[in-house]
Number of protein chains: 2
Amino acid sequence: MIPFCENPLVTVFDPNRKHNARGEQRQQALLRAAAAVFGRLGYHQTTTNAIAAEAGVSPATLYQFFPNKEAIASALASTYAREMAEAERAIDSEGVLSFTEAVSELIDVCMSFNRKRPEFHTLVVDAPLSSSAREDKQVLGQVFVDFIATRLRRELPTLSRSEAAHHGQVALMIFRGILDELTVASPHARPRLQQAMRNAILRYLIPVLTESKAGRTVKGA
Amino acid sequence: MIPFCENPLVTVFDPNRKHNARGEQRQQALLRAAAAVFGRLGYHQTTTNAIAAEAGVSPATLYQFFPNKEAIASALASTYAREMAEAERAIDSEGVLSFTEAVSELIDVCMSFNRKRPEFHTLVVDAPLSSSAREDKQVLGQVFVDFIATRLRRELPTLSRSEAAHHGQVALMIFRGILDELTVASPHARPRLQQAMRNAILRYLIPVLTESKAGRTVKGA
DNA sequence: CTCCTATGCAAGTAGATACTTGTATTCGAA
DNA sequence: TTCGAATACAAGTATCTACTTGCATAGGAG
């Protein structure tokens, strides 16, 4: 007789499974290996076999700890996004920095993080993420935008929240555009680009504070 | 006896093959179909089978006209890159526009092109291109950079060529960063982003012209 | 010790997709 | 009309890679 609801043996990833110390270490080692390979090859070129090989385990072992490739990328992306958001929130907690100083610090923190975790870029740009990882990623963007929006409104309280958020979003776009090049630039070219990043963002934002509504846009030369 | 160098029948793409009128039309139809599918699905999600289906031919027919998927992407990307470079070079051929007007026109031309050919973006960003297509793409970037560098030096002849090129490159990065969002923005949000694009680039460039070397960077607020 | 569960892997499978083969048909020039 | 070359496609193949299976070992709670 065929059982009505057979209890299948767990031969593949099980979210309820408990891990012992060895298992926890393997999982961390797999994440480290994945980070290294994603950083070298990008998301699409990276195979689960390559991650397993980098960690020194068989492909099957990988699937004891993660249900699929996307989950590995998502776990890394979530961790990084939370770390980076945390670092951003820690900037100028005493509120002693000027607008320019605070924004410069924000940019530096974000650039440093991306240099420290080169794989972060490909993970958030190329990888299909789980919904929770997507949320962490979106929160990260929002923290950046809110930081700038809050600082803008501290300088110019008459600025509407939506205008402030818009300018924060544009600053984020500029950041990403230059970051794309920064990740592939030669070490020699980097300092100049970092300075260009600060200039580009601050020169975009400062007129928001100094120009009245009448002269919002750039005047002809 | 086995022939020393058998002349194989051409059953697959042959670069020396001559095309008749029907063939030329098929090839163009395949390129149009590819453009449509690339635009809908992006490069990676697009399959050669889908392109063939869109063009109403069998997958085998596609390979009579292109050696592989990359060649299709490369052909499109090359065409677009040349078209866009041409459009950029045509801007202000009489030299009557001011710096701000000329740069604004450049930005508008580039934005319009990307809206008219939504697949261009995924092709140059995601697709692995042939070396000749990569060259066309790089030339396109250079045309953008040179346009701005030339205009900067026309306003400020003391600016070195390398400095001018650097600022052109940064302008291009800003353009790309905002363009990424523009391609996914709702129609309602687009005009505001387009204005932000102009502001971001011009606000970055204009201080290059007005600030002396002593005060190159943004002052503290 | 005992037994359940976690860990581990050799050796697969499954499914997707870029690309071919063999053959039939159409075109166009001589 | 004739014949080689170009066009067309049904029906594949080849390969890659995410993922599984079955089974062997290790480890900790009782």
Side-chain angles (χ1 to χ4, degrees), chain A residues 6-31 33-34 37-38 41-75 126-130, chain B residues 6-31 33-34 37-38 41-75 126-130:
Chain A
E6 197 168 10
N7 207 1
L9 283 182
V10 174
T11 58
V12 72
F13 177 81
D14 170 3
N16 299 324
R17 184 175 191 165
K18 289 175 185 170
H19 291 157
N20 62 24
R22 188 170 33 139
E24 296 285 353
Q25 283 201 328
R26 269 276 181 269
Q27 190 159 18
Q28 293 306 313
L30 281 163
L31 285 173
V37 184
F38 282 137
L41 305 179
Y43 178 79
H44 291 294
Q45 294 280 342
T46 294
T47 68
T48 54
N49 289 0
I51 294 171
E54 175 90 12
V57 302
S58 89
T61 297
L62 184 152
Y63 287 92
Q64 302 252 355
F65 300 99
F66 300 97
N68 50 49
K69 179 180 173 181
E70 178 193 300
I72 304 173
S74 294
D126 299 335
L129 299 178
S130 68
Chain B
E6 197 166 10
N7 208 0
L9 283 184
V10 174
T11 57
V12 70
F13 177 80
D14 170 1
N16 299 323
R17 183 175 192 165
K18 289 175 185 171
H19 290 157
N20 62 24
R22 186 173 33 140
E24 296 286 352
Q25 283 202 328
R26 269 275 180 271
Q27 189 159 20
Q28 293 306 314
L30 281 163
L31 284 173
V37 184
F38 282 136
L41 305 180
Y43 179 78
H44 291 294
Q45 294 279 342
T46 294
T47 69
T48 54
N49 289 359
I51 294 171
E54 175 89 11
V57 302
S58 88
T61 296
L62 184 153
Y63 287 92
Q64 302 253 355
F65 300 99
F66 300 96
N68 49 49
K69 178 180 173 181
E70 179 193 301
I72 304 172
S74 294
D126 298 334
L129 299 178
S130 69

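Residue numbers begin at 1 in each chain, while the letters A, B, ... track the order of the sequences.
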Would B:Tyr43 and B:Phe38 count as a ring pair (Phe, Tyr, Trp, His ring centres under 6.0 Å) here? Give the steps. CA-CA 5 Å; B:Tyr43 179 78; B:Phe38 282 136; 5.5 Å; yes
Grab the CD1-C1' distance between A:Ile72 and D:dC19 for me, whole Å please. 11 Å
In short, A:Glu54 meets A:Ala33 closest at the heavy-atom pair CG-CB, 3.5 Å
Distance in angstrom units between B:Arg26 CZ and C:dT25 P, rounded: 17 Å
Where A:Asn68 and A:Tyr63 come nearest, the two heavy atoms and their spacing: CA-CE2, 3.9 Å
Annotated protein contacts, base or backbone, on nucleotides 14-19 of chain C with a non-hydrogen cut-off under 4.0 Å, one of B, S, - each: ---SSB
Are B:Leu30 and B:Gln27 packed together at the side-chain level, in the sense that at least one heavy-atom pair is separated by less than 4.5 angstrom? no
Less than 4.5 Å apart, side chain to side chain, heavy atoms only: is that true for A:Phe66 and A:Leu31? yes
In Å and rounded to the nearest 0.5 Å, what is the CD to NE2 distance from B:Gln64 to B:His19? 7.5 Å
Taking the side chain of B:Ala60 as its heavy atoms from C-beta onward, which of D:dC9, C:dA6, C:dG8 lies nearest to it? D:dC9
Under 4.0 Å between a side-chain N or O of A:Arg22 and OP1 or OP2 of D:dA26? no
Secondary-structure string, 5' to 3', Watson-Crick or G-U under 3.5 Å, | for another-strand partners, for DNA chain C: ||||||||||||||||||||||||||||||
Say you draw a straight line from CG of A:Leu41 to OG1 of A:Thr47; how long is it, rounded to the nearest 0.5 Å? 8.0 Å
What nucleic acid atoms does A:Phe65 come within less than 4.0 Å of, heavy atoms only: base, sugar-phosphate, or nothing? sugar-phosphate
May I have the distance from A:Phe13 (atom CZ) to C:dT5 (atom P), rounded to whole angstrom? 18 Å
Whole Å only: how far is the CG atom of B:Leu62 from the C1' atom of D:dA10? 16 Å
Without swapping roles, check the side chain of A:Ser130 against the backbone of A:Ser74 for a donor-acceptor pair under 3.5 Å. no
B:Ala21 vs A:Asn20, nearer the 5' end of DNA chain D by closest nucleotide: B:Ala21
What's the spacing between A:Lys69 NZ and A:Leu62 CG if we round to 0.5 Å? 11.0 Å
Can you check the A:Ile51 CD1 to D:dC19 P distance for me, whole Å? 10 Å
Please state how far atom NZ in B:Lys18 lies from atom C1' in C:dC27, giving the value in whole angstrom units. 15 Å
Give a yes or no on whether a donor-acceptor pair under 3.5 Å exists between the nucleobase atoms of D:dA6, that is its base, and the side chain of B:Gln64. no
A:Glu24 has an atom CD; how far is it from atom C1' of C:dT5, in whole Å? 15 Å
Please determine if a side-chain N or O atom of A:Ser58 lies less than 4.0 Å away from the OP1 or OP2 oxygen of C:dA10. no
